[in-house]
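Note sheet for the following structure.
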Protein chains: 2
Amino acid sequence: MKSITIIDVAKKAQVSVATVSRVVNGNYPVKDSTRRKVLDAIKELKYIPNIQARELNTQHSSIIGIILPSLFNTFFAEVINGIESFTATSGYSLLLTYTKDNPISEKKCMNELLMRNVSGIINISPNTEKVASDFFDQIAERIPMVFINSYIKRPAISYVNNDERIGTKIALEYLISLGHRNICFIRGDRSDSYEFKQDIYEEVMKKLNNFKEEYVLNIGAGNSIETVELAANKIMETLKEHKEITAIFSCNDLMGIGAVNGCHRLGVNVPKDVSIMGFDNVFLSHFIEPKLTTMDQNMMTLGWTAASLLMEKIANDNKTSRQVVLQNTLVLRDTTAPCRDLKK
Amino acid sequence: MKSITIIDVAKKAQVSVATVSRVVNGNYPVKDSTRRKVLDAIKELKYIPNIQARELNTQHSSIIGIILPSLFNTFFAEVINGIESFTATSGYSLLLTYTKDNPISEKKCMNELLMRNVSGIINISPNTEKVASDFFDQIAERIPMVFINSYIKRPAISYVNNDERIGTKIALEYLISLGHRNICFIRGDRSDSYEFKQDIYEEVMKKLNNFKEEYVLNIGAGNSIETVELAANKIMETLKEHKEITAIFSCNDLMGIGAVNGCHRLGVNVPKDVSIMGFDNVFLSHFIEPKLTTMDQNMMTLGWTAASLLMEKIANDNKTSRQVVLQNTLVLRDTTAPCRDLKK
DNA sequence: CTGAAAGCGCTAACAT
DNA sequence: ATGTTAGCGCTTTCAG
């Protein structure tokens with residue numbers, strides 16, 4: 001099982017290891033005939049360079065670590081796609097770690113990445129408590145980091161955010177413009193983005209003089225395989241008790257889909273009886289029936305921008321940080337309609 | 001930016017590097033008071049061990065490489081979840097690479113993993129041509145590999161497969177039992193699993209004396225963000241020309257959902273006019289309306305088993321290979337019904 | 001253009 | 001129980 005090393009190649013080609021290294025990396029002049037000998041030896045021995053050794057030596061890794069809460073919400077897949085679209089040609093590869101929406105696991109992920117000496121870290125939708133603590137602060141000094149959709153600012157970190165606050169406001173105001181007053185709010189645990197959406201929700205509802213604690217529904221896991229079901233159940237429960245509710249704002253599309261299903265099971269018509277607003281515009285929001293009205297987060301751009309900010313940080317030796325804010329756009333589809341009460 | 005090494009810790013704690021290594025790894029006895037000194041130094045300096053150096057030394061990495069075609073089909077996310085459920089406690093972490101359904105990129109992924117000295121590789125739904133060639137053969141000798149849902153057998157590789165052939169047969173026979181005769185078949189490019197499903201399809205249809213080339217629909221990208229749309233378009237096109245078609249078999253749920261949408265746009269009622277059968281039982285197949293009838297592949301078990309086979313291989317120094325076959329089960333939901341022609 | 005050799009950070013004999 | 005030291009495979013001065 002002994003693997004082929006640069007020494008084997010050097011012997012076979014009858015040159016020094018330095019020369020082999022040079023032809024492998026193409027960073028120093030090598031005579032053509034020599035190069036050929038080396039290349040032949042490499043091919044014959046099926047030599048594969050050991051990146052760990054190389055990177056140990058150069059003190060630099062070509063991996064970008066990505067931390068994401070889950071793979072079940074394709075939101076993340078779409079963001080990663082954006083990241084990849086930027087890094088594809090850059091020689092970096094992506095090490096994905098995922099936290100399963102669990103803060104302890106998120107810490108483990110960070111450590112894992114640090115030990116592996118990644119060149120930088122992109123954290124998608126980081127955990128609130130952790131950001132609030134200075135957990136990331138120390139790390140950000142050592143290693144370039146960019147956060148996607150995180151709202152507590154740290155000087156050493158770069159950010160790309162959708163302005164989810166404004167997005168939330170627009171969404172809510174749209175519902176209100178349709179005549180809805182009794183709007184409930186579905187969220188999950190712990191992510192920053194839920195907190196900020198909820199702030200806006202409270203603000204808007206209080207202005208309407210209609211904020212009620214019972215309308216804030218926390219389903220726990222917001223990005224898991226069970227999210228849709230959790231949301232459906234919560235909505236059924238809530239709608240039974242609060243028949244006055246005519247609209248639902250969901251913090252992400254998975255919850256929105258759950259809400260749609262919950263209504264269906266209750267025999268409640270969407271959008272005639274109840275309007276439902278999603279958030280994200282995940283690709284599957286077109287596919288469900290009725291198609292989900294939602295806020296587009298443009299995940300591709302989000303990912304692409306994050307990657308570009310990270311590259312910038314890496315290039316600057318982690319000296320500078322920047323913040324980019326993207327705007328959400330409302331995507332009107334089939335789950336929202338004028339409030340039923342208007343007809344009375 | 002110089003990072004803290006084991007030497008710094010040793011100096012600070014006034015012990016040798018070996019002692020530091022011992023307390024970090026906990027593999028040799030260390031006096032309590034010494035351990036404390038070292039631990040203090042580690043904490044104070046914020047020392048993080050360099051895994052690359054460790055693994056270079058031990059000639060063993062704690063990474064399992066995973067190759068998957070895409071993240072857009074949550075099939076893969078669900079399989080990874082299964083893998084993770086096995087490895088969570090084992091100290092291995094997962095390096096995900098994805099091929100975007102592209103054979104060249106798949107080769108790059110393999111190489112990337114090899115250079116990183118991963119302990120083993122799990123390849124989900126590998127590329128046909130590559131498997132048919134002996135590309136993987138040589139690699140499998142050097143490094144433990146397990147394939148999920150691949151059908152060309154190589155002695156050095158372990159396999160977990162759903163018996164998609166039998167699954168396909170059952171699905172098709174179910175459609176036939178509903179009276180369907182004009183059944184079309186949607187597939188994507190290149191994955192083994194499409195080939196084998198198509199073989200069965202041809203066999204079954206020929207037995208019915210009703211095999212027609214035009215009923216085999218290849219939409220290209222089978223796991224991409226566009227898959228649903230591609231399938232929808234293809235179905236619209238096909239149904240316009242072949243009004244006699246009363247049932248559609250789709251190689252995965254994404255295509256099945258696309259087929260449902262295509263029918264809707266055409267004003268074709270599912271399942272009254274046309275029955276649609278999915279494959280996989282991806283979690284979102286419950287959420288669409290009408291809910292998709294499909295073949296469950298039990299992705300969790302698939303992933304879990306793959307991980308266990310890989311661990312077995314690693315433990316055996318890659319000497320033994322095994323094959324595990326899982327059975328699919330038919331999940332009856334709302335997209336299939338008796339053939340409309342029966343009523344005539 | 002090429003070779004010799006130091007050293008990246010760590011582990012594991014081998015000594016003591 | 002602890003220290004000394006030889007590498008792991010590679011890159012990169014420094015000489016030639």
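Model, not experiment: these values are computed from the prediction. Below, chains carry the letters A, B, ... as their sequence lines are ordered, and counting in each starts from 1.
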Whole Å only: how far is the [atom1] atom of [X] from the [atom2] atom of [N]?
| X | N | atom1 | atom2 | answer |
| --- | --- | --- | --- | --- |
| B:Ile4 | C:dC8 | CD1 | P | 14 Å |
| B:Gln14 | D:dG3 | CD | P | 10 Å |
| B:Ile7 | D:dT4 | CD1 | P | 12 Å |
| A:His60 | D:dT12 | NE2 | P | 11 Å |
| B:Asp32 | D:dT2 | CG | C1' | 15 Å |
| A:Asn50 | C:dC8 | CG | P | 18 Å |
| B:Lys37 | D:dT2 | NZ | P | 8 Å |
| B:Leu56 | D:dT11 | CG | P | 12 Å |

(message) Show every salt bridge (Lys or Arg N to Asp or Glu O under 4.0 Å) that has at least one partner inside residues 57-68 of chain A, sequence neighbours left out.
(response) none
(request) Can you run down the salt bridge (Lys or Arg N to Asp or Glu O under 4.0 Å) pairs that involve residues 64-79 of chain B, sequence neighbours left out, and say none if there aren't any? (result) none
side-chain N/O [X] vs [N] OP1/OP2, d < 4.0 Å:
| X | N | answer |
| --- | --- | --- |
| B:Ser16 | D:dG3 | yes |
| A:Gln52 | C:dC8 | no |
| B:Thr19 | D:dG3 | yes |
| B:Thr34 | D:dT2 | yes |
| A:Gln59 | D:dT11 | no |

(request) Do nucleotides 11-16 of chain C as a string where each nucleotide becomes B, S or -: B if the base has a protein heavy atom under 4.0 Å, S if just the sugar-phosphate does, - if no protein is that close. (result) BBB---
For [X], enumerate each residue passing the side chain to side chain contact (heavy atoms under 4.5 Å, CB included) test, keeping only those at least two apart in sequence or located in another chain.
| X | result |
| --- | --- |
| B:Asn161 | B:Asn149, B:Tyr151, B:Lys153, B:Tyr159 |
| B:Ser70 | B:Phe72, B:Asn223 |
| B:Ala156 | B:Ala140 |

(message) Counting the benzene-type ring for Trp, do A:Phe136 and A:Phe147 have ring centres under 6.0 Å apart?
(response) yes
Solution key, residues 15-25 of chain A side-chain donor-acceptor pairs under 3.5 Å, sequence neighbours excluded:
from    : atom 1 : to      : atom 2 : distance (Å)
A:Ser16 : OG     : A:Ala18 : N      : 3.3
A:Ser16 : OG     : A:Thr19 : N      : 3.3
A:Ser16 : OG     : A:Thr19 : OG1    : 3.2
A:Ser21 : OG     : A:Asn25 : ND2    : 3.4
A:Asn25 : ND2    : A:Ser21 : O      : 2.9

(request) Could you list by number each residue of residues 109-119 of chain B showing a heavy-atom separation from DNA chain C of less than 4.0 Å, or answer none if no residue does? (result) none
(request) Carefully, step by step, assess B:Asp8 and B:Lys11 under the rule salt bridge (charged side-chain N to carboxylate O under 4.0 Å, His left out). (result) CA-CA 5 Å; B:Asp8 302 315; B:Lys11 272 191 195 132; 5.1 Å; no
(request) Between D:dG3, C:dA4, D:dG9, spot the one nearest the side chain of B:Val15, thanks. (result) D:dG3
Acceptor/donor pairs from residues 45-54 of chain B side chains to any protein atom, 3.5 angstrom cut, sequence neighbours excluded:
from    : atom 1 : to       : atom 2 : distance (Å)
B:Asn50 : OD1    : B:Gln52  : N      : 2.8
B:Asn50 : OD1    : B:Ala53  : N      : 3.0
B:Gln52 : NE2    : A:Arg116 : O      : 3.3

